Number of protein chains: 2
Amino acid sequence: MDSGHQNVHRQSGVALWRQIADRIRMSIANGEYDATGKVPPEMLLAEQFGVNRHTVRSALQALAQEGIVRAVQGRGTLIERKERLNFPISRRTRFSQGIGEQAREKEGLLLDSARLSASAEIAGRLAIEIGAPVLRLETLRKADRRPVSRSTSWFPAERFAGLIEAYRDSGSITAAFQALGLQDYLRVSTEVTAIHADGADLADLQLSPGAILLVTKALNADSEGVPVQYAVSRFPADMVQFTIEN
Amino acid sequence: MDSGHQNVHRQSGVALWRQIADRIRMSIANGEYDATGKVPPEMLLAEQFGVNRHTVRSALQALAQEGIVRAVQGRGTLIERKERLNFPISRRTRFSQGIGEQAREKEGLLLDSARLSASAEIAGRLAIEIGAPVLRLETLRKADRRPVSRSTSWFPAERFAGLIEAYRDSGSITAAFQALGLQDYLRVSTEVTAIHADGADLADLQLSPGAILLVTKALNADSEGVPVQYAVSRFPADMVQFTIEN
DNA sequence: TATAGTTGTCTATGTCAATAGACATTTGGA
DNA sequence: TCCAAATGTCTATTGACATAGACAACTATA
């Protein structure tokens, strides 16, 4: 650490204002500015990061765009929103339950659905024949009106014929399963990786491009161990964390 | 998807060459080019991503810098390295065991160590008094000579007095614990998040700036449930994935 | 041994990112 | 009411990013 500067990297292909925006967003999520409810003054941040004030302003404007801060002339830059949802991952992982008390309003939107033939990968995950019919659901989950995950799920089509309608009605996989007679299911495995957000996810999750997504690939099975759902979910990395309790 | 273009984002604060480098790196890791052992020609990539050939070249040069590809005039751009290590996270999670057969050589380096007083956070995690003495170890783990994680660990200092030497000798936390009489320990909880790499991590993990890190915060305890280690580890997101088996 | 296919190099141009400085405007408190 | 502190706006300059086109150099193979 030379002269107290925090680390930002030039010529890395990631603009300084974006690096700084990410750092400030993280600091807000970690509660570092809770004492004042404000981000430090632009001049101070510029000094801390070793950049020009205008560069800090670009970063703050990006955060304002996301609705995380609001700049008020004369007063400072106020923190509007500060949340990091925690998702426990366990044998009984369920999305809505996972959010629990962390949000008042929970919502599940069906963006798209299709009935198609299982690719080699999906067939392998669901332990069915390649080409067997599967249902694919594209869903968006929200907590307190803010999008927190974008999922693509596959289900064996024969077993869960009315699933699309059941999900649309309830906004919950668990409820949809129950409506189709599957009372209980268990998480078999969860893979976690991270990527840069792109494409439709950016728009759906209301992120600024370049944001980081946590990606989970999850397999759920019924109590006999027969796979019932394979899901790839993307979460904004600055809004969530996963907890694995053993 | 308009005209088959893959999604890259302009004016996002993340340079196009970096977005493309990340995508190609991921495609290599996913084995998409295994048939040829080569990345597609620059012209084709440029077309796919909807950018100029020079932009693709910048991306490939970054990957060459990382040792992932090697361009050969007249032949193409050959894939040099292609790996994604899988780390199972369970009650018995251990780093060296986790790598298992995925690498021949495993190595644990002690970068730095210190004896200091527990901050509020560390004291809370280890369930000790604030200000109580703790040992902090900065370690770097390698598999087949390539760095795969950078960890900062805290231990109760009184219980594990000779730990620093024991770790330096063995390069393994498990072995160091055993040398100090702790035969067994269990993973209590693991939190997973993701950030942009910065600072010392960049250098230690030999990444190009802007790369994504998966971050785990793990708590280990002895068989009585008394915390023995709290560790914050950073893994290059394009080289690893975590698997939670239930 | 041509030739198609591929990477390497060069020049040129426009846009975005970052710095620099000056000054206006608003707020809250002395 | 005045002043310090903070954000808002403007102009100007430099370097990195991205595009465009042309051509050189190398490789494999028909």
Side-chain angles (χ1 to χ4, degrees), chain A residues 3 5-24 28 33 35-65 68-80 196 208-210, chain B residues 5-24 33 35-65 68-80 196 208-210:
Chain A
S3 72
H5 284 191
Q6 305 208 33
N7 301 293
V8 286
H9 304 281
R10 289 154 197 276
Q11 296 163 32
S12 67
V14 182
L16 293 182
W17 64 262
R18 167 145 294 286
Q19 297 180 49
I20 291 168
D22 290 348
R23 300 275 293 260
I24 295 174
I28 291 173
Y33 308 136
T36 60
K38 293 193 292 188
V39 168
E42 294 169 352
M43 286 298 256
L44 183 57
L45 287 171
E47 200 176 354
Q48 283 177 355
F49 288 111
V51 301
N52 191 275
R53 175 177 162 235
H54 294 294
T55 306
V56 170
R57 284 179 62 75
S58 298
L60 291 174
Q61 276 157 22
L63 294 178
Q65 195 71 25
I68 293 177
V69 299
R70 179 170 52 95
V72 179
Q73 188 170 162
R75 285 180 67 189
T77 303
L78 315 181
I79 295 170
E80 290 280 276
H196 277 126
S208 30
Chain B
H5 284 191
Q6 306 209 33
N7 302 291
V8 286
H9 304 281
R10 290 155 196 274
Q11 299 164 26
S12 66
V14 181
L16 293 181
W17 64 262
R18 166 144 296 285
Q19 298 179 49
I20 291 168
D22 289 349
R23 300 273 294 259
I24 295 175
Y33 307 137
T36 59
K38 294 194 290 188
V39 168
E42 294 169 354
M43 284 298 255
L44 183 57
L45 288 171
E47 199 177 353
Q48 283 177 355
F49 287 111
V51 302
N52 191 275
R53 175 177 161 234
H54 295 294
T55 307
V56 170
R57 284 179 61 75
S58 299
L60 290 174
Q61 276 156 23
L63 294 178
Q65 196 72 24
I68 293 176
V69 300
R70 178 170 53 93
V72 179
Q73 190 170 159
R75 286 181 67 189
T77 302
L78 314 182
I79 295 170
E80 290 279 276
H196 277 125
S208 31

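None of the values given here were measured: they were computed from a predicted structure. Numbers restart at 1 for each chain; the letters A, B, ... are given by sequence-line order, proteins then strands.
Place B:Pro41 and A:Val56 on DNA chain C by their nearest nucleotides, and B:Pro41 ends up nearer the 5' end. Place A:Trp17 and B:Arg75 on DNA chain C by their nearest nucleotides, and B:Arg75 ends up nearer the 5' end.
Ranking D:dT7, C:dA18, C:dA20 by closeness to the A:Leu16 side chain, first place goes to C:dA18. Here the nucleotide nearest the side chain of A:His54, chosen from C:dT19, D:dA20, D:dT7, is C:dT19. Comparing atom distances between the A:Ala15 side chain and each of D:dG8, D:dT19, C:dA17 picks out C:dA17 as nearest. Looking at the side chain of A:Arg53, the nearest of the listed nucleotides D:dT19, C:dG8, D:dG8 is D:dG8.
Scanning both residues, B:Tyr33 and B:Ile79, for their nearest heavy atoms gives CB-CD1, 3.6 Å.
Note that the CD1 atom of A:Ile28 and the CD atom of A:Glu80 stand 10.0 Å from one another [nearest 0.5 Å]. From B:Ile24, atom CD1 reaches atom CG of B:Leu45 across 5.0 Å, with rounding to the nearest 0.5 Å. For the atom pair A:Met43 CE and A:Asn52 CG, the distance stands at 8.5 Å (nearest 0.5 Å).
Whole-Å rounding puts the A:Gln19 CD to C:dA17 P distance at 13 Å. Between A:Met43 atom CE and C:dT19 atom P there is a gap of 13 Å when expressed in whole angstrom units. Atom-to-atom, CG of A:Leu44 to C1' of D:dA4 comes out at 16 Å; the value is rounded to the nearest Å. With rounding to whole Å, A:Asn52 atom CG is found 13 Å from C:dA22 atom P. Summarising the geometry, the separation between CD on B:Gln61 and P on D:dA18 is reported as 13 Å, rounded to the nearest angstrom. The CZ-P distance, from B:Arg57 to C:dT6, rounds to 14 Å in whole Å. Look at CD on A:Glu42: it is 16 Å from P on C:dT26, rounded to the nearest Å. We find that CZ of B:Phe49 is positioned 17 Å from C1' of D:dC17, with the value rounded to whole Å.
When the side-chain nitrogen and oxygen atoms of A:Thr55 are compared with OP1 and OP2 of C:dT19, one or more of them lie within a distance under 4.0 Å.
Heavy atoms of B:Ser58 sit nowhere under 4.0 angstrom from any nucleic acid atom.
Without hydrogens or angle criteria, B:Gln19 side chain to B:Val14 main chain gives a donor-acceptor distance under 3.5 Å.
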